[in-house]
Amino acid sequence: MKRLNQLYTGKKVQEIWNDFQNHPIINHPTEGNISPNKYRAMGKGKPCPYCGKKMAHGQSYQTNSKQEALKLGFEYVNKKGVKTINNAGGKFFHQHYITLDHKINKARCPQKMFDFHNLQYMCWECNQLKGDNNAFDLQHTRDYLDALVNEALSRYHLL
Ligand SMILES: [Zn+2]
């Protein structure tokens, strides 16, 4: 009965997203219609808006072999304190490999799946941290402001 409430399952939504990776389906304000893959490539080397680390992209930041991934230093400790390597489709990726994040989860709001304004660059590690948390943005901004306030208070005495 629960399934009757859903037009699409999360699995179906993911399939659609995967199927359109090379289709010019995102309406970019200056580039015109571009594919998710093209949009990802355009973010190469930009800082992740959440952790500030340079986002990786391209063949040299992915490999088919786990041994190779370990050698390349792709392994890191995730939020659960577990050593992990980003992997998808049988490939292993750099810790800060670029991803396109859906501000509003694509399974919850499939009609915004390819909407430019619902997409943002995020490194893979931060995307893992975000998970299905639609308040990640707000919480992160708060953490950032807290850190800024603490830094300012440690440098300058209150009048
Ligand atoms: Zn990041």
Worksheet item: Just wondering, do Arg155 and Glu151 contact through their side chains at under 4.5 Å, heavy atoms?
Response: yes
Fill in: Hydrophobic cluster partners of Ile104 (side-chain heavy atoms under 4.5 Å)
none
Discussion item. Could you tell me if Lys91 and Gln62 have a donor-acceptor pair between their side chains, going purely by distance under 3.5 Å?
Written reply: yes
Worksheet item: Taking all atoms of both residues into account, what is the closest heavy-atom pair of Ser35 and Asn22, and its distance?
Response: CB-C, 3.6 Å
Worksheet item: Are any side-chain N or O atoms of Asn86 and backbone N or O atoms of His94, one a donor and one an acceptor, separated by less than 3.5 Å?
Response: yes
Discussion item. Using a 6.0 Å cut-off, check whether atom NZ of Lys112 has over 12 heavy atoms from anything other than its own residue.
Written reply: no
Worksheet, complete the sentence: All heavy atoms of Trp124 vs all of Ala88, minimum pair found to be CH2-CB, 3.9 Å
Practice prompt. Say whether, by atom type as modelled, one donor and one acceptor occur between the side chain of Asn87 and the main chain of Gly90 under 3.5 angstrom.
Written response: no
Worksheet item: Going by distance alone, is a donor N or O of one side chain under 3.5 Å from an acceptor N or O of the other, for Thr99 and Asn127?
Response: yes
Worksheet, complete the sentence: For Met122, the hydrophobic cluster (side chain heavy atoms closer than 4.5 Å, chained through members) also holds Tyr50, Leu129, Phe136
Item to complete: Report yes if some heavy atom in the side chain of Leu70 is under 4.5 Å from a heavy atom in the side chain of Ile85; otherwise report no.
Response: yes
Worksheet entry | Within-4.5 Å side-chain heavy-atom neighbours: Val82 and Val77 | no
Discussion item. Please verify the inter-ring angle class for His28 with Tyr39; under 30° counts as parallel, over 60° as perpendicular, anything in between as tilted.
Written reply: perpendicular
Practice prompt. Would you confirm whether Glu68, through its side chain, and Asn64, through its main-chain N or O, come within 3.5 Å as a donor-acceptor pair?
Written response: no
Discussion item. If hydrophobic clusters are built from ILVMFWY residues whose side chains come within less than 4.5 Å, do Tyr76 and Leu72 share one?
Written reply: no
Response to the item:
Of all heavy-atom pairs linking Met113 and His102, the shortest is O-NE2, 3.0 Å
Fill in: Min side-chain heavy-atom separation Asp101-Tyr121 under 4.5 Å
no
Discussion item. Less than 4.5 Å apart, side chain to side chain, heavy atoms only: is that true for Phe74 and Thr63?
Written reply: yes
Item to complete: Please name the pair of heavy atoms, one in Asn37 and one in Arg40, separated by the smallest distance, quoted to 0.1 Å.
Response: OD1-NH1, 2.7 Å
Throw together a table of side-chain donor-acceptor distances under 3.5 angstrom for residues 53-61, partners on residues two or more places apart or in other chains.
none

Worksheet item: What pair of heavy atoms forms the shortest contact from Cys123 to Cys48, and how long is it?
Response: N-SG, 3.5 Å
Fill in: Parallel, tilted or perpendicular: ring planes of Tyr97 versus Phe93, cut at 30 and 60 degrees
perpendicular
